[in-house]
Amino acid sequence: MGESERRAVGAPVRKKDAMALLLGKPVYTEDIAPPGCLVVKVLRSPHANAMIESIDPAAALRTPGVVAVYTWQDVPQKRFTMAGQTWPEPSPYDRLILDKHVRFVGDAVAIVAAETEEAARQALKRIKVKYQALPAVLDAHEALDGPVLVHPEEDWKALCPVGADNRRNLCASGADADGDVEKVLADCDVVVEHTYNTQACNQAMMETFRTYTELDAYGRLHVVSSTQIVFHVRRILANALDIPKSKIHVEKPRIGGGFGAKQTVVAEVYPAFVTWKTGRPARMIYSREESLIASSPRHPMEVKVRLGASKEGAIRALDVYTLSDTGAYGEHGPTTVGLSGHKSIPLYTGGLEAFRFSWDVVYTNHQSSGAYRGYGATQGIFAVESAVNELAGRLGLDPVELRMKNIVRQGQTMPAYYNEPASACALDRCLAKCAQRFGWAEKYPVRDMGGGKIRAAGVAIAMQGSGISGVDVGSATIKLGDEGCYDLAIGAADMGTGCDTILAQIAADCLDCDVDDISVFGADTDASPYDSGSYASSTTYVTGKAVEKACAQLKRRICALAAQMLGCEPEAVEFAGRTVRRLDGKGEAGLADIAGRAMCGSAPALQVTCSHSSPTSPPPFMAGMAEVEVDTRTGGVKVLHYTAVVDCGTPINPNLARVQTEGGLVQGIGMALFESITYNETGHLAENSFLQYKIPTRLDIGELDVAFEASYEPSGPFGAKSIGEIVINTPAPAIAHAVYRATGVWHRRLPITPEKVLLGMKKNG
């Protein structure tokens with residue numbers, strides 16, 4: 001189908017679930033859970049590191065309405081990981097449902113199941129626990145080869161060779177290199193060398209973690225959960241409960257936001273265990289406090305960058321070392337760290353002669369980290385982009401011009417990105433368009449506005465990926481139904497991103513029909529084809545290609561059956577949307593008639609399932625520019641204007657792509673200026689509510705200007721790449737650059753709070 005014939009791809013189609021959400025229909029997990037199910041709550045550790053010497057649930061069990069209390073003695077002694085990743089799982093098996101050894105403030109100590117919320121709360125207060133407090137390791141530097149072991153247990157294991165060693169507090173370690181970095185750096189005219197720190201950030205999605213469980217009529221565990229990864233949830237629960245996967249059925253309803261948090265099995269295991277033990281329906285709904293202190297925030301990382309260049313501004317070498325804090329458990333620890341280098345260094349493939357990227361991921365007695373939009377690239381790009389901006393300042397070059405000399409371009413091979421080619425790359429056009437829309441020439445000079453207020457601008461670029469190459473799988477089942485409409489079953493999870501709509505748009509163009517003719521169902525482990533899930537920016541690119549392949553096969557089947565009906569060979573007909581017609585003009589068959597014929601006798605089924613996995617992960621690219629106003633009297637930083645131009649290949653739905661970009665920019669602004677997770681000397685987390693954990697409001701984000709610069713990715717559906725994660729990556733380095741321009745002080749540790757700005761200016765004189 002030619003560009004001019006398309007009716008859905010590239011159109012701002014309204015989300016399929018828009019009206020249901022707008023009208024407040026009961027579509028979320030809590031809406032679906034029936035009345036009368038058990039309320040499940042967890043008692044949490046007050047210590048960062050401790051052994052449970054004794055635990056007595058007797059008083060709790062006497063509480064009216066309490067049905068059960070479970071401790072570490074009641075659960076299977078089989079370790080597992082809560083990370084939702086494709087088998088073989090790279091995250092170490094280091095958890096039990098409940099453990100005698102608790103490893104962070106907030107770790108699970110006991111499970112309570114009660115008839116009412118109040119009974120469950122009272123029971124938590126009545127469980128008597130005696131702890132042996134142990135020394136805690138709360139610093140990532142002290143953790144590596146330190147005396148305090150977070151996981152001394154003998155049954156800890158790593159399934160994949162990720163450089164893990166629990167006896168060294170290592171969740172993962174490794175290195176990648178090309179060329180002689182030390183030799184090239186020694187020959188460079190200028191070397192920028194600094195260390196950058198990014199904090200843990202909470203995804204802060206509107207819908208907290210929540211799960212409903214029951215036993216179905218066949219005695220199987222039926223799990224309804226707000227999750228991005230239904231098939232991984234099934235495997236993880238089977239591992240945790242030590243039961244066959246065939247005994248578990250997982251489905252997801254609408255999801256009130258995930259941002260990667262729900263790629264980890266945070267809440268599911270507790271009600272699942274209760275239902276499996278009691279046979280009764282159960283539900284668990286995390287409070288906002290629990291979602292802040294016992295979930296899966298972004299990995300805090302320290303990234304050391306050495307960048308070497310010529311005096312003319314040619315970037316010749318990059319050396320990046322990342323120290324990542326995975327917290328008490330290893331969910332996503334081995335995988336997030338890789339993106340900090342593999343998604344930052346390749347941006348400067350242009351003239352790069354050598355690179356080295358090395359990493360260590362350590363266990364500490366902090367809350368366990370996990371997946372968050374950007375997945376490590378965000379941290380690495382903050383560091384590398386800040387170093388590039390520092391280089392521009394040292395050389396007296398415009399940072400946009402410096403980038404234009406060095407960035408990766410169409411057709412180049414990226415050694416630091418697994419030697420993949422930049423098969424579709426409009427980064428240079430993104431940067432030029434961003435500068436033009438933003439007014440870089442006018443806004444880059446520092447401007448004194450009077451009254452102690454200074455305005456300045458900063459810039460950053462970014463890349464991400466489109467799925468996990470050679471690993472993750474997207475699948476789709478498409479069938480022709482009554483009246484000639486189509487049913488599309490998927491295993492990817494729409495978590496507000498609009499993937500149900502986008503995949504329907506792809507199917508509609510493939511089948512030459514309206515989007516309303518495509519009904520979308522998923523995700524459900526019993527009814528959906530296997531799909532790795534919605535993460536790693538994979539849905540449009542990977543699952544979308546599976547949809548495209550399935551539609552092509554279905555069209556061939558439809559044509560074959562229609563040819564039988566029309567008395568000719570399949571080669572003598574053509575698919576024409578609502579009909580199949582003979583090429584000689586001597587007849588046609590309507591889709592409704594073809595569908596009816598398929599339901600009669602031994603006609604071939606008009607249903608196709610296709611899977612897709614890509615050997616490459618083509619990166620989307622973007623450029624971002626920020627204008628800020630700094631109040632030199634208070635240190636306050638106000639974002640006035642942010643322009644972002646994104647290359648996501650072909651935007652399937654411009655409206656959804658735009659809101660994805662705007663949402664990511666807001667989260668990036670929050671990471672740069674407001675959001676932080678801090679611990680005291682005993683390992684207690686301070687930001688346990690939205691009063692303490694500050695996320696940006698509409699008043700904090702200034703004017704957002706979003707545009708797209710299309711490329712065409714030949715391996716993607718209709719030329720599409722991903723957009724979900726890249727959009728969070730440029731605000732932190734761009735804002736840090738702008739603050740430096742305004743104050744003369746580099747902030748290499750996020751967030752950039754007014755206190756830090758003011759103290760930095762005073763220290764700098």
| request: For side-chain contact (heavy atoms from CB on, under 4.5 Å), just list the numbers for S295 and Q367, CA-CA rounded to whole Å, side-chain angles, deciding distance to a tenth of an Å, and then say yes or no. | output: CA-CA 7 Å; S295 57; Q367 174 183 196; 3.3 Å; yes

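- For E302 and H141, the side-chain atoms include at least one donor-acceptor pair closer than 3.5 Å.
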| Step-by-step side chain to side chain donor-acceptor pair (under 3.5 Å) determination, E675 to Y693 | CA-CA 6 Å; E675 299 177 46; Y693 187 79; 2.4 Å; yes

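- Between T378 and T198, the closest side-chain pair of non-hydrogen atoms is not below 4.5 Å.
- A side-chain donor-acceptor contact under 3.5 Å links N680 to the backbone of G683.
- The shortest side-chain heavy-atom distance between P297 and I677 falls under the 4.5 Å cut-off.
- Although no hydrogens or angles enter the test, the distance criterion places a donor-acceptor pair under 3.5 Å between the side chain of R288 and the main chain of M206.
- A salt bridge is absent between K694 and E687; no separation between the charged side-chain nitrogens and carboxylate oxygens falls under 4.0 Å.
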| request: For the pair S340 and Q379, evaluate side chain to side chain donor-acceptor pair (under 3.5 Å) and give the outcome as yes or no after the intermediate values. | output: CA-CA 6 Å; S340 67; Q379 296 95 308; over 6 Å; no

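- At least one side-chain heavy atom of Q199 sits less than 4.5 Å from a side-chain heavy atom of M671.
- Side-chain polar atoms of T697 and D700 form a donor-acceptor pair below 3.5 angstrom.
- Side-chain contact, E89 with T81: no donor N or O sits under 3.5 Å from an acceptor N or O.
- Closest of all the heavy-atom pairs between L138 and T682 is CD1-C, 4.2 Å.
- Within the 6.0 Å centre-distance limit, the rings of Y375 and H332 are counted as a close aromatic pair.
- The shortest non-hydrogen separation linking I381 to I461 is CG2-O, 3.6 Å.
- Counting only distance, with no hydrogens or angles, the side chain of Q263 and the backbone of A371 share no donor-acceptor pair below 3.5 Å.
- Just one of I97, L96, L98 meets the side chain to side chain contact (heavy atoms under 4.5 Å, CB included) condition when paired with W72; it is L98.
- A salt bridge does not link R44 with D107: none of the charged nitrogens is closer than 4.0 Å to a carboxylate oxygen.
- Using modelled atom types, one side-chain atom of H342 and one backbone atom of G338 make a donor-acceptor pair closer than 3.5 Å.
- Under the 4.5 Å side-chain criterion, counting only non-hydrogen atoms from C-beta, M495 is in contact with S534.
- For the 3.5 Å distance criterion, the side chains of Q464 and S537 fail to qualify, holding no donor opposite an acceptor.
- Panel note: side chain N169, backbone V148; a donor-acceptor pair is recorded below 3.5 Å.
- Side chain of N49 to backbone of P135: a donor-acceptor contact under 3.5 angstrom is found.
- Ring centroid separation for the pair Y372 and F259 does not come in under the 6.0 Å cut-off.
- Partners of Y740 under the ring-ring contact (aromatic ring centres under 6.0 Å, His included) rule, at least two apart in sequence or in another chain, are W746.
- Checking side-chain atoms of E268 against main-chain N and O of V223 turns up no donor-acceptor pair under 3.5 Å.
- Between R748 and E390 there is a salt bridge, since at least one side-chain N of the basic residue sits less than 4.0 Å from a carboxylate O of the acidic one.
- The CG atom of L144 lies 11.0 Å from the CG atom of D139; values are rounded to the nearest 0.5 Å.
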| said: One pair to check against side chain to side chain donor-acceptor pair (under 3.5 Å): Q660 and T497. What are the steps and the verdict? | reply: CA-CA 7 Å; Q660 282 274 298; T497 53; 5.1 Å; no

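- Under the 4.0 Å criterion applied to side-chain N and carboxylate O atoms, E629 and R455 are assigned as salt-bridge partners.
- Taken from OH in Y679 to CG in L685, the straight-line distance is 4.5 Å, to the nearest 0.5 Å.
- The backbone N or O of V102 sits nowhere less than 3.5 Å from a side-chain atom of D99 that would complete a donor-acceptor pair.
- Between the CG atom in N729 and the CD atom in E385 there is a gap of 10.0 Å [rounded to 0.5 Å].
- Not counting sequence neighbours, Y28 has no partner by the ring-ring contact (aromatic ring centres under 6.0 Å, His included) test.
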| Is there a side-chain contact (heavy atoms from CB on, under 4.5 Å) between V105 and I293 once you walk through the steps? | CA-CA 8 Å; V105 176; I293 69 165; over 6 Å; no

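- Side-chain contact between Y321 and D360 is present, with heavy atoms from C-beta onward closer than 4.5 Å.
- Annotation: K756, atom NZ; neighbour count of heavy atoms from other residues, nucleotides and ligands within 6.0 Å is above 12.
- Residues V39 and T116 form no side-chain contact, since every pair of their non-hydrogen atoms from C-beta on lies 4.5 Å or further apart.
- Between R254 and D500 there is a side-chain heavy-atom pair separated by less than 4.5 Å.
- Not a single donor-acceptor pair under 3.5 Å links the side chain of S91 to the backbone N or O of A83.
- Nearest heavy-atom pair, L758 versus G635, reported as atom, atom and distance to 0.1 Å: CD1-N, 3.9 Å.
- Classification of R658 and E662 as a salt-bridged pair fails, no side-chain N sitting under 4.0 Å from a carboxylate O.
- Nearest heavy atoms, S722 versus C648: O-CB, 3.3 Å.
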| task | Quick one: do D705 and H641 satisfy side chain to side chain donor-acceptor pair (under 3.5 Å)? Show the steps, please. | result | CA-CA 8 Å; D705 174 32; H641 188 95; 4.6 Å; no

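- Using modelled atom types and a 3.5 Å distance limit, the side chains of T208 and E290 yield no donor-acceptor pair.
- L43 places a side-chain heavy atom less than 4.5 Å from the side chain of V129.
- E331 contributes a side-chain N or O that, together with a main-chain N or O of M82, makes up a donor-acceptor pair within less than 3.5 Å.
- Aromatic ring centroids of H47 and Y131 lie under 6.0 Å apart.
- A salt bridge links R210 and E30; the closest N-O separation between the charged side-chain nitrogens and carboxylate oxygens is under 4.0 Å.
- Between the OG atom in S226 and the CD1 atom in I285 there is a gap of 10.5 Å [rounded to 0.5 Å].
- Comment: E207 engages K262 in a salt bridge, judged by a side-chain N to carboxylate O separation of less than 4.0 angstrom.
- Remark: R95 is not positioned above the aromatic ring of F80, lacking an NZ or CZ atom under 6.0 angstrom from the ring centre and at most 45 degrees off the axis.
- Ring centroid separation for the pair H151 and Y363 comes in under the 6.0 Å cut-off.
- Of all non-hydrogen atoms in P300 and S369, the two that sit nearest each other are CD-OG, 3.6 Å.
- Y270 and T211 are not linked by any side-chain donor-acceptor pair at a separation below 3.5 angstrom, with hydrogens and angles left out of the test.
- Within 6.0 Å of CZ on R749 lie no more than 12 heavy atoms contributed by other residues, nucleotides or ligands.
- A pairwise comparison of heavy atoms in G333 and T326 identifies CA-OG1, 3.8 Å as the closest pair.
- Between H232 and Y535, the two ring planes are tilted [angle within 30° to 60°].
- In summary, the side chains of R373 and Q203 do not present any donor paired with an acceptor at a separation below 3.5 Å, with no hydrogens or angles considered.
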